[in-house]
Amino acid sequence: HAADAHRTDLMTITRFVLNEQSKYPESRGDFTILLNHIVLGCKFVCSAVNKAGLAKLIGLAGETNVQGEEQKKLDVLSNEVFVKALVSSGRTCILVSEEDEEATFVDPSKRGRYCVVFDPLDGSSNIDCGVSIGTIFGIYMMKDNHEPTLDDVLQPGKQMLAAGYCMYGSSCTLVLSTGEGVNGFTLDPSLGEFILTHPDIKIPKKGKIYSVNEGNAKNWDGPTAKYVEKCKFPKDGSSPKSLRYIGSMVADVHRTLLYGGIFLYPADKKSPSGKLRVLYEVFPMSFLMEQAGGQAFTGKQRALDLVPTKIHERSPIFLGSFDDVEDIKALYAAEGKKE
Ligand code: P6P
(Lines give C-alpha, C1' and ligand atoms only; values in the text may rest on other atoms or scores of the structure.)
Protein backbone atom coordinates (compact mmCIF):
# COMPACT_ATOMS: atom_id res chain seq x y z
CA HIS A 1 0.00 0.00 0.00
CA ALA A 2 1.24 3.50 -0.85
CA ALA A 3 0.67 4.76 2.72
CA ASP A 4 2.65 1.85 4.18
CA ALA A 5 5.38 2.36 1.59
CA HIS A 6 5.54 5.97 2.73
CA ARG A 7 5.73 4.87 6.37
CA THR A 8 8.44 2.28 5.75
CA ASP A 9 10.24 4.04 2.87
CA LEU A 10 11.55 6.89 5.06
CA MET A 11 12.96 9.65 2.88
CA THR A 12 15.34 11.29 5.35
CA ILE A 13 17.24 14.44 4.40
CA THR A 14 20.48 12.45 4.30
CA ARG A 15 19.06 9.87 1.91
CA PHE A 16 17.51 12.64 -0.20
CA VAL A 17 20.82 14.49 -0.56
CA LEU A 18 22.74 11.25 -1.21
CA ASN A 19 20.27 10.51 -4.05
CA GLU A 20 20.79 14.02 -5.46
CA GLN A 21 24.58 13.85 -5.14
CA SER A 22 24.74 10.39 -6.76
CA LYS A 23 23.99 12.18 -10.05
CA TYR A 24 27.51 13.64 -9.88
CA PRO A 25 29.88 10.67 -10.37
CA GLU A 26 32.81 12.81 -9.21
CA SER A 27 31.16 13.64 -5.89
CA ARG A 28 32.95 12.01 -3.00
CA GLY A 29 30.21 12.55 -0.44
CA ASP A 30 31.88 15.64 1.01
CA PHE A 31 28.76 17.77 0.54
CA THR A 32 26.59 15.11 2.19
CA ILE A 33 28.98 14.97 5.13
CA LEU A 34 28.93 18.78 5.40
CA LEU A 35 25.14 18.85 5.25
CA ASN A 36 24.89 16.18 7.93
CA HIS A 37 26.88 18.40 10.26
CA ILE A 38 24.59 21.36 9.54
CA VAL A 39 21.60 19.10 10.25
CA LEU A 40 23.21 18.07 13.55
CA GLY A 41 23.49 21.75 14.50
CA CYS A 42 19.82 22.31 13.64
CA LYS A 43 18.74 19.34 15.78
CA PHE A 44 20.69 20.73 18.72
CA VAL A 45 19.26 24.24 18.36
CA CYS A 46 15.74 22.84 17.94
CA SER A 47 16.08 21.00 21.24
CA ALA A 48 17.66 23.98 23.03
CA VAL A 49 15.04 26.45 21.72
CA ASN A 50 12.18 24.21 22.76
CA LYS A 51 13.62 23.87 26.25
CA ALA A 52 14.52 27.59 26.54
CA GLY A 53 11.04 28.57 27.71
CA LEU A 54 10.90 25.79 30.26
CA ALA A 55 14.49 26.44 31.35
CA LYS A 56 13.56 30.09 31.94
CA LEU A 57 10.45 28.99 33.89
CA ILE A 58 12.35 26.74 36.26
CA GLY A 59 15.13 29.28 36.62
CA LEU A 60 17.70 27.29 34.64
CA ALA A 61 18.28 30.08 32.13
CA GLY A 62 18.51 32.90 34.66
CA GLU A 63 21.89 34.35 35.51
CA THR A 64 23.21 30.90 36.42
CA ASN A 65 21.84 27.40 35.90
CA VAL A 66 21.54 24.63 38.53
CA GLN A 67 25.25 23.81 38.09
CA GLY A 68 25.92 27.44 38.94
CA GLU A 69 27.37 27.96 35.43
CA GLU A 70 26.75 31.24 33.63
CA GLN A 71 23.79 30.41 31.32
CA LYS A 72 24.80 31.29 27.75
CA LYS A 73 22.40 33.27 25.58
CA LEU A 74 20.79 30.89 23.09
CA ASP A 75 22.20 32.67 20.04
CA VAL A 76 25.73 32.50 21.46
CA LEU A 77 25.26 28.81 22.33
CA SER A 78 23.81 28.07 18.88
CA ASN A 79 26.73 29.80 17.22
CA GLU A 80 29.26 27.73 19.17
CA VAL A 81 27.44 24.52 18.25
CA PHE A 82 27.38 25.37 14.53
CA VAL A 83 31.02 26.49 14.45
CA LYS A 84 32.16 23.32 16.22
CA ALA A 85 29.97 21.06 14.04
CA LEU A 86 31.17 22.72 10.82
CA VAL A 87 34.86 22.62 11.80
CA SER A 88 34.63 19.00 12.95
CA SER A 89 33.05 18.05 9.61
CA GLY A 90 36.51 18.45 8.08
CA ARG A 91 34.82 19.84 4.94
CA THR A 92 35.00 23.60 5.55
CA CYS A 93 37.73 26.22 5.17
CA ILE A 94 35.98 29.52 6.03
CA LEU A 95 32.96 30.22 8.24
CA VAL A 96 31.09 33.55 8.43
CA SER A 97 28.58 33.86 11.27
CA GLU A 98 26.27 36.74 12.18
CA GLU A 99 27.57 36.26 15.72
CA ASP A 100 31.28 36.68 14.90
CA GLU A 101 32.78 40.00 13.80
CA GLU A 102 35.62 38.20 11.96
CA ALA A 103 35.44 35.17 9.65
CA THR A 104 36.71 31.85 11.04
CA PHE A 105 39.58 30.33 8.99
CA VAL A 106 39.59 26.59 9.72
CA ASP A 107 42.90 25.04 10.82
CA PRO A 108 44.67 23.44 7.83
CA SER A 109 44.51 20.03 9.51
CA LYS A 110 40.69 20.12 9.46
CA ARG A 111 40.24 22.06 6.22
CA GLY A 112 37.86 21.18 3.33
CA ARG A 113 36.68 22.99 0.20
CA TYR A 114 33.40 24.54 1.41
CA CYS A 115 32.72 28.02 2.83
CA VAL A 116 29.62 28.32 5.01
CA VAL A 117 27.88 31.61 5.82
CA PHE A 118 25.17 31.45 8.48
CA ASP A 119 23.00 33.18 11.03
CA PRO A 120 22.78 30.59 13.81
CA LEU A 121 19.65 32.01 15.40
CA ASP A 122 17.98 34.74 13.37
CA GLY A 123 15.22 36.64 15.11
CA SER A 124 16.43 35.52 18.54
CA SER A 125 14.88 38.62 20.13
CA ASN A 126 11.57 36.79 19.60
CA ILE A 127 12.45 33.73 21.73
CA ASP A 128 10.93 35.00 24.96
CA CYS A 129 7.50 35.48 23.40
CA GLY A 130 7.48 32.13 21.63
CA VAL A 131 7.58 33.48 18.05
CA SER A 132 9.23 31.14 15.51
CA ILE A 133 12.93 31.81 14.89
CA GLY A 134 15.46 30.11 12.67
CA THR A 135 18.91 29.26 11.38
CA ILE A 136 19.80 30.52 7.90
CA PHE A 137 22.79 29.19 5.90
CA GLY A 138 24.48 29.36 2.51
CA ILE A 139 27.30 27.24 1.07
CA TYR A 140 30.02 28.31 -1.41
CA MET A 141 32.86 26.26 -2.84
CA MET A 142 36.20 28.01 -2.32
CA LYS A 143 37.21 29.85 -5.50
CA ASP A 144 40.53 28.11 -6.03
CA ASN A 145 42.71 25.70 -4.16
CA HIS A 146 45.13 28.27 -2.76
CA GLU A 147 45.17 29.48 0.84
CA PRO A 148 41.57 30.49 1.68
CA THR A 149 40.92 34.24 1.76
CA LEU A 150 37.85 36.41 2.32
CA ASP A 151 37.43 36.51 -1.48
CA ASP A 152 36.16 32.94 -1.18
CA VAL A 153 33.10 34.19 0.73
CA LEU A 154 32.74 37.62 -0.94
CA GLN A 155 31.14 35.93 -3.96
CA PRO A 156 27.78 36.87 -5.51
CA GLY A 157 24.85 34.81 -4.24
CA LYS A 158 24.45 33.14 -7.63
CA GLN A 159 27.72 31.27 -6.90
CA MET A 160 26.17 29.51 -3.91
CA LEU A 161 26.00 25.71 -4.25
CA ALA A 162 23.24 25.41 -1.67
CA ALA A 163 21.19 27.42 0.81
CA GLY A 164 18.53 26.76 3.38
CA TYR A 165 16.95 27.58 6.69
CA CYS A 166 15.65 25.68 9.68
CA MET A 167 12.59 27.14 11.38
CA TYR A 168 12.07 26.41 15.08
CA GLY A 169 8.30 26.79 15.53
CA SER A 170 5.33 24.52 16.20
CA SER A 171 7.43 21.97 14.30
CA CYS A 172 11.06 22.01 13.25
CA THR A 173 11.17 22.45 9.47
CA LEU A 174 14.33 22.50 7.35
CA VAL A 175 13.96 23.97 3.84
CA LEU A 176 16.88 23.30 1.50
CA SER A 177 17.94 23.83 -2.09
CA THR A 178 21.12 22.42 -3.65
CA GLY A 179 20.34 24.16 -6.94
CA GLU A 180 17.74 21.69 -8.21
CA GLY A 181 14.54 23.03 -6.67
CA VAL A 182 13.46 23.44 -3.06
CA ASN A 183 12.47 20.69 -0.62
CA GLY A 184 11.13 20.85 2.95
CA PHE A 185 11.88 18.36 5.71
CA THR A 186 10.21 18.09 9.12
CA LEU A 187 12.00 16.76 12.20
CA ASP A 188 10.42 13.61 13.56
CA PRO A 189 11.55 13.85 17.20
CA SER A 190 10.82 10.17 17.80
CA LEU A 191 13.40 9.28 15.12
CA GLY A 192 15.64 12.34 15.41
CA GLU A 193 15.47 12.46 11.60
CA PHE A 194 14.35 15.17 9.17
CA ILE A 195 11.74 13.52 6.90
CA LEU A 196 10.75 14.86 3.45
CA THR A 197 7.35 16.51 3.96
CA HIS A 198 7.32 19.30 1.33
CA PRO A 199 8.74 17.89 -1.93
CA ASP A 200 9.54 20.31 -4.78
CA ILE A 201 8.15 23.53 -3.23
CA LYS A 202 7.02 26.10 -5.82
CA ILE A 203 5.96 29.61 -4.75
CA PRO A 204 2.61 30.79 -6.21
CA LYS A 205 3.20 33.12 -9.20
CA LYS A 206 1.27 35.91 -7.47
CA GLY A 207 0.17 36.27 -3.84
CA LYS A 208 -2.38 38.12 -1.71
CA ILE A 209 -0.02 39.02 1.16
CA TYR A 210 2.58 41.74 1.63
CA SER A 211 5.00 41.58 4.54
CA VAL A 212 6.82 44.72 5.69
CA ASN A 213 7.39 46.68 8.89
CA GLU A 214 4.89 49.52 8.31
CA GLY A 215 6.44 51.31 11.28
CA ASN A 216 9.25 52.41 8.94
CA ALA A 217 6.81 54.01 6.42
CA LYS A 218 7.87 57.55 7.33
CA ASN A 219 11.38 56.84 6.01
CA TRP A 220 10.61 54.83 2.84
CA ASP A 221 11.69 56.00 -0.61
CA GLY A 222 9.17 56.73 -3.38
CA PRO A 223 8.90 53.35 -5.11
CA THR A 224 8.48 51.40 -1.85
CA ALA A 225 5.87 53.88 -0.58
CA LYS A 226 4.03 53.69 -3.93
CA TYR A 227 4.13 49.88 -3.92
CA VAL A 228 2.74 49.55 -0.39
CA GLU A 229 0.06 52.13 -1.26
CA LYS A 230 -0.91 49.93 -4.26
CA CYS A 231 -1.15 46.90 -1.94
CA LYS A 232 -3.59 48.75 0.32
CA PHE A 233 -5.52 50.83 -2.26
CA PRO A 234 -5.33 48.90 -5.56
CA LYS A 235 -6.30 51.08 -8.52
CA ASP A 236 -7.30 48.19 -10.78
CA GLY A 237 -10.35 47.25 -8.71
CA SER A 238 -8.66 44.15 -7.28
CA SER A 239 -8.98 43.50 -3.55
CA PRO A 240 -6.31 44.88 -1.21
CA LYS A 241 -3.52 42.53 -0.10
CA SER A 242 -3.39 41.32 3.53
CA LEU A 243 -0.51 42.45 5.74
CA ARG A 244 1.30 39.70 7.60
CA TYR A 245 4.52 40.67 9.43
CA ILE A 246 6.02 38.43 12.10
CA GLY A 247 9.33 40.26 12.45
CA SER A 248 11.29 37.02 12.27
CA MET A 249 12.74 36.64 8.77
CA VAL A 250 12.65 32.84 8.65
CA ALA A 251 8.95 32.78 9.65
CA ASP A 252 7.99 35.59 7.23
CA VAL A 253 9.93 33.99 4.36
CA HIS A 254 8.59 30.48 5.07
CA ARG A 255 4.99 31.78 4.93
CA THR A 256 5.80 33.70 1.72
CA LEU A 257 7.34 30.59 0.12
CA LEU A 258 4.32 28.40 0.93
CA TYR A 259 1.44 30.89 0.53
CA GLY A 260 2.91 33.37 -1.97
CA GLY A 261 3.12 37.15 -1.74
CA ILE A 262 6.04 39.49 -1.12
CA PHE A 263 8.43 40.13 1.77
CA LEU A 264 10.10 43.55 1.87
CA TYR A 265 12.88 44.97 3.97
CA PRO A 266 13.50 48.21 2.03
CA ALA A 267 16.19 50.84 2.46
CA ASP A 268 15.05 53.89 4.32
CA LYS A 269 16.49 57.28 5.29
CA LYS A 270 17.75 55.83 8.61
CA SER A 271 19.27 52.68 7.04
CA PRO A 272 20.18 53.41 3.40
CA SER A 273 21.25 49.77 2.89
CA GLY A 274 18.25 48.35 4.71
CA LYS A 275 18.74 46.08 7.73
CA LEU A 276 19.17 42.51 6.49
CA ARG A 277 22.63 41.05 5.93
CA VAL A 278 23.68 40.04 2.40
CA LEU A 279 25.67 36.85 3.00
CA TYR A 280 23.54 34.98 5.52
CA GLU A 281 20.04 36.49 5.22
CA VAL A 282 19.51 38.05 1.76
CA PHE A 283 21.48 35.55 -0.39
CA PRO A 284 20.17 32.27 1.08
CA MET A 285 16.53 33.45 1.01
CA SER A 286 16.93 34.88 -2.50
CA PHE A 287 18.53 31.62 -3.68
CA LEU A 288 15.55 29.64 -2.31
CA MET A 289 13.00 32.03 -3.83
CA GLU A 290 14.53 31.74 -7.31
CA GLN A 291 14.77 27.96 -7.01
CA ALA A 292 11.06 27.90 -6.06
CA GLY A 293 10.09 30.00 -9.14
CA GLY A 294 9.98 33.36 -7.39
CA GLN A 295 12.50 36.20 -7.51
CA ALA A 296 14.52 38.56 -5.31
CA PHE A 297 15.41 42.20 -6.02
CA THR A 298 17.51 44.75 -4.09
CA GLY A 299 15.82 47.88 -5.49
CA LYS A 300 18.70 48.19 -7.96
CA GLN A 301 19.44 44.66 -9.24
CA ARG A 302 18.75 40.92 -8.98
CA ALA A 303 19.78 40.13 -5.41
CA LEU A 304 21.94 37.12 -6.35
CA ASP A 305 24.02 39.29 -8.72
CA LEU A 306 25.15 41.54 -5.86
CA VAL A 307 28.90 41.27 -5.17
CA PRO A 308 29.49 41.82 -1.43
CA THR A 309 32.61 43.71 -0.31
CA LYS A 310 32.27 43.13 3.46
CA ILE A 311 31.13 39.97 5.24
CA HIS A 312 28.44 41.76 7.32
CA GLU A 313 27.25 44.06 4.53
CA ARG A 314 23.51 44.85 4.40
CA SER A 315 21.15 45.25 1.43
CA PRO A 316 17.52 46.21 0.88
CA ILE A 317 15.51 43.16 -0.26
CA PHE A 318 12.18 42.52 -2.02
CA LEU A 319 11.52 38.80 -2.47
CA GLY A 320 8.63 36.42 -3.13
CA SER A 321 6.11 35.66 -5.88
CA PHE A 322 7.44 36.37 -9.36
CA ASP A 323 4.64 38.75 -10.41
CA ASP A 324 4.63 40.67 -7.11
CA VAL A 325 8.37 41.36 -7.32
CA GLU A 326 7.90 42.37 -10.99
CA ASP A 327 5.48 45.07 -9.79
CA ILE A 328 8.01 46.68 -7.46
CA LYS A 329 10.81 46.33 -10.04
CA ALA A 330 8.63 48.35 -12.45
CA LEU A 331 8.21 51.12 -9.87
CA TYR A 332 11.97 51.31 -9.25
CA ALA A 333 12.62 51.27 -13.01
CA ALA A 334 10.15 54.16 -13.49
CA GLU A 335 11.91 56.06 -10.69
CA GLY A 336 15.27 55.39 -12.34
CA LYS A 337 13.99 56.87 -15.64
CA LYS A 338 12.99 60.09 -13.86
CA GLU A 339 16.49 60.62 -12.39
P1 P6P B 1 12.36 44.98 12.25
C2 P6P B 1 15.19 39.91 13.38
O3 P6P B 1 15.77 40.80 14.30
C4 P6P B 1 15.60 40.36 11.99
O5 P6P B 1 16.98 40.28 11.83
C6 P6P B 1 14.89 39.49 10.96
O7 P6P B 1 14.72 38.18 11.41
C8 P6P B 1 13.58 40.22 10.75
O9 P6P B 1 13.06 40.03 9.45
C10 P6P B 1 13.98 41.68 10.94
O11 P6P B 1 15.16 41.68 11.76
C12 P6P B 1 12.89 42.47 11.64
O13 P6P B 1 13.34 43.81 11.69
O14 P6P B 1 13.14 46.24 12.04
O15 P6P B 1 11.11 44.93 11.41
O16 P6P B 1 12.10 44.63 13.68
Side-chain angles (χ1 to χ4, degrees), residues 42 45-46 49 52 73-79 82 96-101 117-138 157 163-169 172-175 207 209-221 224-225 227-228 231 242-259 261-289 294 296-299 303 308 310-320 324-325 328:
C42 293
V45 174
C46 175
V49 163
K73 277 169 62 69
L74 220 43
D75 43 11
V76 173
L77 190 68
S78 306
N79 186 50
F82 274 106
V96 170
S97 167
E98 192 268 348
E99 287 290 331
D100 296 328
E101 194 47 44
V117 294
F118 62 101
D119 187 345
L121 205 54
D122 183 83
S124 49
S125 56
N126 293 296
I127 292 179
D128 293 348
C129 63
V131 163
S132 297
I133 53 179
T135 298
I136 311 172
F137 62 90
Y165 59 80
C166 189
M167 185 171 76
Y168 311 107
C172 180
T173 306
L174 199 156
V175 172
I209 296 170
Y210 75 104
S211 185
V212 68
N213 183 341
E214 289 262 11
N216 296 330
K218 183 165 62 69
N219 299 315
W220 289 339
D221 63 18
T224 290
Y227 179 75
V228 173
C231 291
S242 293
L243 170 60
R244 293 283 184 275
Y245 192 69
I246 302 166
S248 177
M249 187 185 198
V250 172
D252 278 318
V253 168
H254 189 59
R255 184 209 51 250
T256 304
L257 186 65
L258 296 187
Y259 295 178
I262 186 166
F263 171 80
L264 314 85
Y265 208 106
D268 66 35
K269 296 186 192 88
K270 279 183 318 171
S271 340
S273 297
K275 171 182 185 181
L276 300 179
R277 309 285 183 169
V278 171
L279 281 186
Y280 41 77
E281 288 175 319
V282 170
F283 278 169
M285 297 316 205
S286 301
F287 185 96
L288 289 169
M289 281 298 161
F297 177 62
T298 66
K310 292 206 174 2
I311 58 174
H312 296 295
E313 188 170 309
R314 301 168 194 262
S315 168
I317 184 67
F318 307 88
L319 57 77
D324 293 327
V325 179
I328 195 145

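Just so you know, ligand 1 is whichever comes first in the structure, and atom 1 is the first atom listed for that ligand.
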Without placing hydrogens or testing angles, list every side-chain donor-acceptor pair under 3.5 Å for residues 274-281, not counting sequence neighbours.
unit_1, atom_1, unit_2, atom_2, d
Arg277, NH1, His312, O, 2.7
Tyr280, OH, His312, ND1, 2.7
Glu281, OE1, Arg277, N, 2.7

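In this structure, Tyr168 and Thr135 have side chains that are in contact, with non-hydrogen atoms separated by less than 4.5 Å. Contact check for Pro316 versus Phe297: no side-chain heavy atoms found under the 4.5 Å cut-off.
Tyr165 is linked by a ring-ring contact (aromatic ring centres under 6.0 Å, His included) to His254, counting only residues two or more places apart in sequence or in another chain. Residues meeting the ring-ring contact (aromatic ring centres under 6.0 Å, His included) test with Phe318, sequence neighbours left out: Tyr332.
Donor-acceptor pairing under 3.5 Å is recorded for the side chains of Ser211 and Arg255.
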List ligand 1's nitrogen or oxygen atoms that come under 3.5 Å of a protein nitrogen or oxygen, with the partner atom and distance.
unit_1, atom_1, unit_2, atom_2, d
ligand 1, 7 (O), Asp122, OD2, 2.4
ligand 1, 7 (O), Met249, N, 2.8
ligand 1, 9 (O), Met249, N, 3.3
ligand 1, 11 (O), Lys275, NZ, 3.0
ligand 1, 13 (O), Lys275, NZ, 3.0
ligand 1, 14 (O), Tyr265, OH, 2.6
ligand 1, 15 (O), Asn213, ND2, 2.9
ligand 1, 15 (O), Tyr245, OH, 2.6

